Q: 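One structure, pasted below without further comment.
In what follows, every chain begins at residue 1, and chains take the letters A, B, ... in the order their sequences are listed. Just so you know, these numbers come straight off a predicted model, no measurement behind them.
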Number of protein chains: 2
Amino acid sequence: MHASFHPDYNPLIRKLESVFPLTDEERQALEDLPMQVAVLKDHQDIVREGDRPSRSCLILSGFACVYKMTAHGKRQIVSFAIAGDIPDLQSLHLKVLDTSVSTISTCRVGFIQHEVLRDICARYPRIGAAFWREALIDAAIFREWVMNVGQREGVSRLAHLLCELVVRLRAVDLVEDHVCDLPITQTEFADALGFSPVHVNRVLQQMRAEGLIETKGTRLRIPDWDKLKEVGEFDPTYLHLESNQAAA
Amino acid sequence: MHASFHPDYNPLIRKLESVFPLTDEERQALEDLPMQVAVLKDHQDIVREGDRPSRSCLILSGFACVYKMTAHGKRQIVSFAIAGDIPDLQSLHLKVLDTSVSTISTCRVGFIQHEVLRDICARYPRIGAAFWREALIDAAIFREWVMNVGQREGVSRLAHLLCELVVRLRAVDLVEDHVCDLPITQTEFADALGFSPVHVNRVLQQMRAEGLIETKGTRLRIPDWDKLKEVGEFDPTYLHLESNQAAA
DNA sequence: CGAAATCTTGAGTATAATCAAAAACGGTGG
DNA sequence: CCACCGTTTTTGATTATACTCAAGATTTCG
């Protein structure tokens with residue numbers, strides 16, 4: 001685990017600025033946020049269920065996932081974390097973690113001590129409020145996932161997940177020309193959707209055949225966003241994006 | 001909608017006291033909490049997806065559920081709300097509701113203006129913190145539901161849900177001698193579990209045959225809690241109950 | 001270039017959905 | 001108290017979606 005201090009750029013700042021314009025003071029406080037930055041290889045646990053962490057992790061780049069294991073060893077991914085996300089923010093208020101967080105691709109991760117987070121929330125209430133907002137939006141995403149896994153099947157279920165990922169990636173400028181990098185394996189999609197890997201493969205093939213997606217390695221292209229949205233019954237309201245981002 | 005002021009008893013107080021002992025001042029503030037109390041018949045919407053409410057609803061008695069509808073009209077229940085729960089607390093910070101809340105049985109509901117909630121959070125920070133804690137626990141419950149619906153099948157899936165309900169009901173003293181009143185129809189269980197009503201019926205029969213549950217009308221009895229827990233792979237960590245409640 | 005991981009294909013099976021209808025239950029009014 | 005209505009639960013038969021197992025092809029990466 002290679003560690004250094006102060007990253008080149010902090011995607012958290014961009015994310016918060018999409019909600020409200022930061023004052024110079026607030027921006028400076030976020031830029032100076034003391035955090036330990038580490039580069040983690042793919043498929044490494046960052047924190048584990050049962051841990052009682054004294055810090056939270058900010059994803060600076062790469063893909064991570066939040067997951068739980070059943071007693072019989074089956075894995076359920078309950079959300080994907082991308083740049084700007086703090087997938088274990090709740091550990092600030094709930095002592096014991098009820099989920100694990102793992103990298104999917106190589107990730108730059110910033111570890112921020114809880115006391116530092118508490119301090120910045122106290123000193124800059126708007127930032128504190130933004131963190132809470134994020135936590136509530138996370139909950140809204142989990143609700144949507146319950147519905148997706150519970151009610152949609154095959155193409156529709158996967159389409160919905162892809163729509164969510166694309167919208168969230170677009171919000172942090174990781175989509176260009178309907179193309180994004182999605183280093184998620186079919187097995188990982190399976191664990192997120194409650195499908196078997198074989199079934200994911202067959203659903204993907206059907207989606208390609210129907211012109212809903214095009215893939216080339218880890219690149220994903222959406223030739224017809226409206227069609228994908230319709231097939232996935234995707235309504236981005238639950239992501240609670242402000243203003244213009246939700247569109248298109 | 002019959003309305004009056006000040007309920008006989010406020011289950012919110014009991015719930016908060018299970019987390020930390022309230023000061024007299026805090027308890028008084030909660031007892032004097034201005035809210036409009038209404039008695040709603042079963043299967044009535046309290047709030048709807050898309051609403052922009054200026055108040056939140058506290059369930060004083062009865063069963064309610066939080067649900068979403070797919071574009072094709074299928075309903076997913078994403079959580080059940082019991083006495084002491086505020087199923088739309090997030091509307092305090094997220095303007096647009098992404099879920100609907102509906103009664104399951106007859107409910108006494110207290111509507112509390114957002115400004116009142118904001119005021120009490122500002123004046124009694126520990127109460128504010130407790131509300132946030134509740135919101136984070138809700139999110140943990142949604143995560144567990146994703147796993148339950150995604151990874152468990154048949155008996156195991158339903159057993160897990162029953163375990164959660166019993167533990168939560170016990171926390172507000174609604175379980176006596178392993179018996180509780182559960183006015184949830186098989187169709188509602190189906191909407192919560194991602195099953196068809198017919199399948200729920202068959203799973204229930206299997207559970208009765210295996211001695212996991214006994215039912216009589218809306219009364220549910222758990223003859224062997226440990227067995228039910230094991231079949232449902234139930235680990236109450238995610239409910240983040242304090243102290244003694246999680247046991248047994 | 002070779003090994004490991006990932007993706008793909010095929011065949012057989014299982015869990016759960018759908019459809020349809022009958023039985024049981026719960027509340028209401030006569 | 002009983003007859004009646006709507007709702008909920010139950011049953012049977014058929015179908016569909018998705019799983020499992022197993023093997024082969026392809027890609028990725030050192």
Q: Verify, without hydrogens or angle tests, whether A/Ser105 (side chain) and A/Phe63 (backbone) share a donor-acceptor contact under 3.5 angstrom.
A: yes
Q: So which one's nearest nucleotide on DNA chain D is more toward 5', A/Glu153 or B/Leu204?
A: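 It is B/Leu204, whose closest nucleotide lies nearer the 5' terminus.
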Q: Mind listing the N/O atom pairs, protein and nucleotides 2-9 of chain D, below 3.5 Å?
A:
{"from": "D/dT9", "atom 1": "OP2", "to": "B/Gln186", "atom 2": "N", "distance (Å)": "2.9"}

Q: Could you state the interatomic distance from CZ (B/Phe111) to OG (B/Ser56), rounded to the nearest 0.5 Å?
A: 10.0 Å
Q: What is the distance from CG of B/Asp191 to P of C/dA17, rounded to the nearest Å?
A: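 It works out to 11 Å between those atoms.
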Q: To the nearest angstrom, how far is A/Asp42 atom CG from C/dT6 atom C1'?
A: 13 Å
Q: Measure CZ/B/Arg202 against P/D/dA13 and give the value in whole Å, please.
A: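 So the two atoms are 10 Å apart, to the nearest Å.
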Q: Taking for each residue the nucleotide of DNA chain D bearing the nearest heavy atom, is the 5' side occupied by A/Gly217 or by A/Val200?
A: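 Here A/Val200 is the residue nearer the 5' end.
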Q: Is the cationic atom of B/Arg152 (NZ for Lys, CZ for Arg) positioned less than 6.0 Å from the six-membered ring centroid of B/Trp145 and within 45 degrees of its normal?
A: no
Q: For the atom pair CZ (A/Arg75) and OG (A/Ser102), what is the distance rounded to the nearest 0.5 Å?
A: 6.0 Å
Q: Applying side chain to side chain contact (heavy atoms under 4.5 Å, CB included) between A/Val167 and each of A/Leu241, A/Val175, A/Leu162, report the one that passes.
A: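 Only one of A/Leu241, A/Val175, A/Leu162 forms a side chain to side chain contact (heavy atoms under 4.5 Å, CB included) with A/Val167, namely A/Leu241.
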Q: How far does CG of B/Leu169 sit from CD of B/Glu176, to the nearest 0.5 angstrom?
A: 12.5 Å
Q: To the side chain of B/Val198, which of C/dC19, C/dA16, D/dA22 is closest?
A: C/dC19
